[in-house]
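One structure is given here, and the rest of the page talks about it.
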Amino acid sequence: MPSAVSPQWQEKASDFFQTSGFKIKEAGNSAGTFVGEVAKDAKVNVADAAEKVGSVVKSRWAIFQQPSTRHAMQERFIAAAATTSMFLRKGFSETKEKVVVGKIKVEEVAKMTAEKSKNLLTDIERWQKGVASTDVFGIPIELAVQHQQSSTPIPTILMKCADSLILSGLNSLELFKAQGDKKVIRQLVSFYNQDPNASLPEGVSSVDIAALIKCYIASLPEPLTTFELFDDIRNARSSIHLMRNILKKLPTVNYMTLELITALLLRVSQKSLLNKMDARSLAMEMAPIIMWQKDHRPEHYKQFWIQPPKLDSKASLDSASSYTAWDMLSDGEMKDASSSIPLDDGMPVDFHAIEVIQCLIEHHNAVFTDANETVW
């Protein structure tokens, strides 16, 4: 059974609750008053801020509305627009210039490609039809003379090469022996096959000019001394008088060309202290291409002017172009451009032929007394 609560504690509890209710009410009133004041202050602050912002905007707008300010801003806008326009025009101009330069380069490449293709097609056509009418390499010497514009009975290409060497090439070291540039020689052969009367291109070295002379002589279907007189000339090497009389039996073109070549070799030998090529050395280089018997032609030189065999009428153009088309396009770049040009092609050395050419060099003026002696 619960114990009875004393009246004293009941009185205290009643006082506590009454006091607490009053304090809570008082706290609520205070909190409401504080919140109201805060809200009021916030409204005031917002109104003040809005008023300040509006004032600033009005002030700035007033400044913008002033004629001087508007004029300054317009000038700034105009300047900015002008600068932007200038950059755009500059960019367009540079782009246009680059397009023009690119177009020029493309046109140059296209022109070079077209020229190379034209030369290739010309060579293929020449291969199909045989030696072309303008060719000077690989044809009989009398035909070459007939086709040229000069009335001199000597191939023009030899005269131009000889003149060039006399003017500025006699001192070149090991002239007619030094290795020639295969690429340059091929280009010169093609150049003169297309235009036999052309002048020598500028910048060709004396060594390459001498190599071109050797290539031309080696390209002849028959040697300068002819097959018919080979033995007679060979046996007359010890007698100037006999040599002179036998050489008179040569065709005029052969005789005059042989006189020119040996006169040039004489001039080269006279500079032997500088070029290291005396008459004997020159004879060893030139004899294998000036004097040779049938079936002993210096075949190595064919690489500079050779045309493939004539095609059968049923043969295709592809078979012709595949013969050396890649070589024509590469201009010999796949090979060593400065490789040596052997003279004997592995054939036994004909020392008697060497002695003949040495005799013609050393005794040139005595042997060719009846010729129109070459004078430089």
ask   = Going through the checks in order, is the side chain to side chain donor-acceptor pair (under 3.5 Å) test met by Ser205 and Asp208?
value = CA-CA 5 Å; Ser205 70; Asp208 290 332; 3.1 Å; yes

ask   = Checking side chain to side chain contact (heavy atoms under 4.5 Å, CB included) for the pair Ile217/Met286: CA distance, chi angles, key distance, verdict?
value = CA-CA 9 Å; Ile217 297 173; Met286 301 300 291; 4.0 Å; yes

ask   = side chain to side chain contact (heavy atoms under 4.5 Å, CB included) between Lys271 and Met277: does it pass, once the steps are laid out?
value = CA-CA 8 Å; Lys271 297 287 186 178; Met277 295 299 291; over 6 Å; no

key: Test side chain to side chain contact (heavy atoms under 4.5 Å, CB included) applied to Ser172 and Asn275, step by step   = CA-CA 5 Å; Ser172 300; Asn275 58 39; 5.8 Å; no

request  = Show your working on side chain to side chain contact (heavy atoms under 4.5 Å, CB included) between Leu188 and Ile185 and close with a plain yes or no.
outcome  = CA-CA 5 Å; Leu188 289 172; Ile185 297 169; 5.5 Å; no

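Taken from CG in Asn365 to CG in Leu266, the straight-line distance is 6.5 Å, to the nearest 0.5 Å. Atom CG of residue Leu200 and atom OG of residue Ser164 lie 5.5 Å apart, to the nearest 0.5 angstrom. Taking NE2 of His352 as the reference point, atom CD1 of Ile357 lies at 14.0 Å (rounded to 0.5 Å). Taking CG of Leu175 as the reference point, atom CG of Leu170 lies at 7.5 Å (rounded to 0.5 Å). With rounding to the nearest 0.5 angstrom, the CD atom of Glu142 is 10.0 Å from the NE2 atom of His147. Atom OG1 of Thr156 is separated from atom CD of Gln149 by 8.0 Å, given to the nearest 0.5 angstrom.
With Arg244 as the partner, the side-chain contact (heavy atoms from CB on, under 4.5 Å) test is satisfied by one option alone out of Ile240, Leu247, Ile246: Ile240. A side-chain contact (heavy atoms from CB on, under 4.5 Å) with Leu360 is found for one member of Thr262, Leu265, Ile261, Ile233 and no other, namely Thr262.
The distance between the ring centers of Trp292 and Phe227 falls below 6.0 angstrom. Taking the six-membered ring where the residue is Trp, the centroids of Tyr216 and Tyr192 are separated by 6.0 Å or more.
The two residues Ala279 and Ser269 come nearest to each other via the heavy atoms N-CB, 3.8 Å. In terms of heavy atoms, Ser206 sits closest to Gly169 at OG-CA, 3.2 Å. The heavy-atom pair separating Gly138 from Pro221 by the smallest distance is O-CG, 3.8 Å. Minimum heavy-atom separation, Ala211 to Gly180: CB-CA, 4.4 Å.
Residues Tyr255 and Leu224 share a hydrophobic cluster, clusters being chains of Ile/Leu/Val/Met/Phe/Trp/Tyr side chains in contact below 4.5 Å. Clustering ILVMFWY residues whenever any of their side-chain heavy atoms sit less than 4.5 angstrom apart, transitively, puts Leu264 in a cluster other than the one holding Val207. Leu274 and Ile361 fall into different hydrophobic clusters, defined by Ile, Leu, Val, Met, Phe, Trp and Tyr side-chain heavy atoms under 4.5 Å apart, directly or through other members.
Counting only heavy atoms from C-beta outward, the side chains of Leu158 and Pro155 approach each other to under 4.5 Å. Between Met256 and Pro153 there is a side-chain heavy-atom pair separated by less than 4.5 Å. Using a 4.5 Å heavy-atom threshold, the side chains of Val136 and Ser219 count as separate. Side-chain contact between Phe230 and Val356: absent, with no pair of heavy atoms (C-beta onward) separated by less than 4.5 Å. A heavy-atom distance below 4.5 Å is found between the side chains of His364 and Phe368. Residues Ile157 and Leu212 meet the side-chain proximity criterion, which asks for heavy atoms closer than 4.5 Å. In this structure, the side chains of Asn245 and Lys248 come closer than 4.5 Å at one or more pairs of heavy atoms. Residues Asn193 and Asp135 form a side-chain contact, since some pair of their non-hydrogen atoms from C-beta on lies under 4.5 Å apart.
Arg186 places no side-chain N or O within 3.5 Å of a backbone atom of Lys183 that could act as its donor or acceptor partner. With Glu355 contributing its side chain and Asp350 its backbone, the two residues share no donor-acceptor pair below 3.5 Å. Judged by distance alone, the side chain of Lys214 and the main-chain N or O of Phe176 form a donor-acceptor pair under 3.5 Å. Remark: side-chain polar atoms of Ser150 are paired, donor with acceptor, to backbone N or O of Thr152 under 3.5 angstrom.
Between Glu174 and Lys276 there is no salt bridge, since no side-chain nitrogen of the basic residue lies less than 4.0 Å from a carboxylate oxygen of the acidic one. With salt bridges taken as basic N to acidic carboxylate O contacts below 4.0 Å, none links Lys249 and Asp232.
Donor-acceptor pairing under 3.5 Å is recorded for the side chains of Ser281 and Asp278. Donor-acceptor pairing under 3.5 Å is recorded for the side chains of Gln358 and Glu362.
The environment of Lys160 atom NZ is dense: over 12 non-hydrogen atoms of other residues, nucleotides or ligands sit within 6.0 angstrom. Crowding of Glu228 atom CD: a count of heavy atoms from other residues, nucleotides or ligands under 6.0 Å not exceeding 12.
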